[in-house]
Amino acid sequence: MHIMSSRWLRRLLLAAGFVLALSWDASAVAFNGKDVSAQNIGGALSLTDHHGQRRTLADFRGKAVLIFFGYTHCPDVCPTTLMQMAEVVRVLGADAAKVQVLWVTVDPERDTQELLGNYIPAFNSAFLGLRGTDQETKAVADAFKVRYDIVQYKDEILVDHSSFGYLIDPKGRTRVKIDYDMSAAKIAQDVRTILRGG
Amino acid sequence: MRTFTIKLAFATALATVATVTCAEVTVIDPWVRGVVPGQSATGLFMTIKSTEATTLVSVSSPAAKSVQIHKMIMKGDMMTMRPMPSLSIPANGTVDFKPGGYHAMLDDLRKPLVKGEKVSVTLTFQGMDGKKTSTEIHAEVRDLAAPPMNMKMN
């Protein structure tokens with residue numbers, strides 16, 4: 001009797017697991033990047049764009065948003081990321097109108113609004129550079145779990161920062177973490193998944 | 001693609017001595033990322049090859065008040081950049097200065113560098129014998145949005 005019940009229990013667990021797997025399959029969307037939908041990342045954002053307009057994420061409702069963090073003194077990762085975003089937009093073709101790329105400076109002291117206004121459109125005229133005060137920048141970084149450190153090394157100021165960004169859906173929810181080495185094609189695919197309501 | 005070949009560190013060759021050691025350093029395709037007005041720093045990228053072990057001890061340019069050799073290091077998700085006092089190039093070795101690795105940081109630019117310009121850069125190498133040799137190269141200024149050769153597009 002004891003053996004029977006344990007066998008039944010096992011069958012029951014197996015069946016439950018199967019049902020769970022089915023329902024999970026139905027709700028989960030496959031992204032190329034890491035799905036962070038359940039992590040409640042981001043949300044709060046109040047910064048000034050490179051035209052001088054105050055921005056919150058609510059301004060971009062209805063669009064997929066790609067958000068990244070960097071600084072213009074960065075000769076390497078930051079322009080590469082922005083070029084990658086320009087390529088994503090190119091790959092998206094007509095869907096590009098439903099996407100907004102945002103780039104938040106973590107070095108607002110050196111990255112003036114004027115400099116961002118020259119720098120960001122060099123990659124794509126529709127991209128927006130965002131900057132805030134030190135406190136606003138820190139608040140946004142914290143909300144997006146992004147880290148940055150401004151390191152003084154002899155005469156140089158070096159800025160360490162998180163190299164990843166996020167894909168935010170048209171309802172303003174942060175859905176996918178975009179790693180630095182993710183290809184433009186894969187990012188574009190995730191943007192399309194989001195735009196299709198995924 | 002431009003290539004600069006430099007003969008370095010000729011050993012003192014006495015008339016009676018037949019052997020002469022000679023390190024040949026080749027700098028391939030040096031380029032500088034262009035900047036927009038207001039931007040005061042950028043990166044120099046190139047490939048350095050050497051037939052003998054040598055060390056790049058300094059980089060300078062009249063275009064910038066200071067030039068530092070930097071290494072980009074990913075620490076988990078964090079992008080960090082650290083100055084390197086010098087950079088060893090092994091015998092018959094190649095060191096790539098490319099996005100995602102090394103670059104020479106041109107800081108405090110004296111004027112914005114515009115695509116198509118040529119920037120004069122002096123590289124100083126120190127051979128195993130301790131002798132220093134400097135050479136001038138001319139790096140082409142490319143677009144701010146110039147992609148690295150190995151950029152993943154697919």
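Residue numbers start from 1 in every chain, and the chains themselves are labelled A, B, ... in the order their sequence lines are given, proteins ahead of strands. Just so you know, these numbers use all the heavy atoms, side chains as well, and skip hydrogens, waters and symmetry mates.
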Between [X] and chain B, with a heavy-atom cut-off of 4.5 Å, which part of the residue counts as in contact: side chain, backbone, both or neither?
X      : result
A:C74  : side chain
A:Y71  : side chain
A:Y153 : side chain
A:V159 : backbone
A:D179 : side chain

### Query
Would B:D108 and B:S66 count as having a side-chain donor-acceptor pair, cut-off 3.5 Å?
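Not at all, the side chains of B:D108 and B:S66 share no donor-acceptor pair under 3.5 Å.
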Salt bridge between [X] and [Y], side-chain N to carboxylate O under 4.0 Å?
X      : Y      : answer
B:K131 : B:E52  : no
A:D35  : A:R175 : no
B:D77  : A:K177 : yes
A:K186 : A:D181 : no

### Task
Name the region of B:M105, side chain, backbone, both or neither, that has any atom closer than 4.5 Å to a heavy atom of chain A.
side chain
### Task
For each of B:G101, B:G43, B:P83, tally heavy-atom pairs with chain A at distances under 4.5 Å, and name the one with the top tally.
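It is B:P83.
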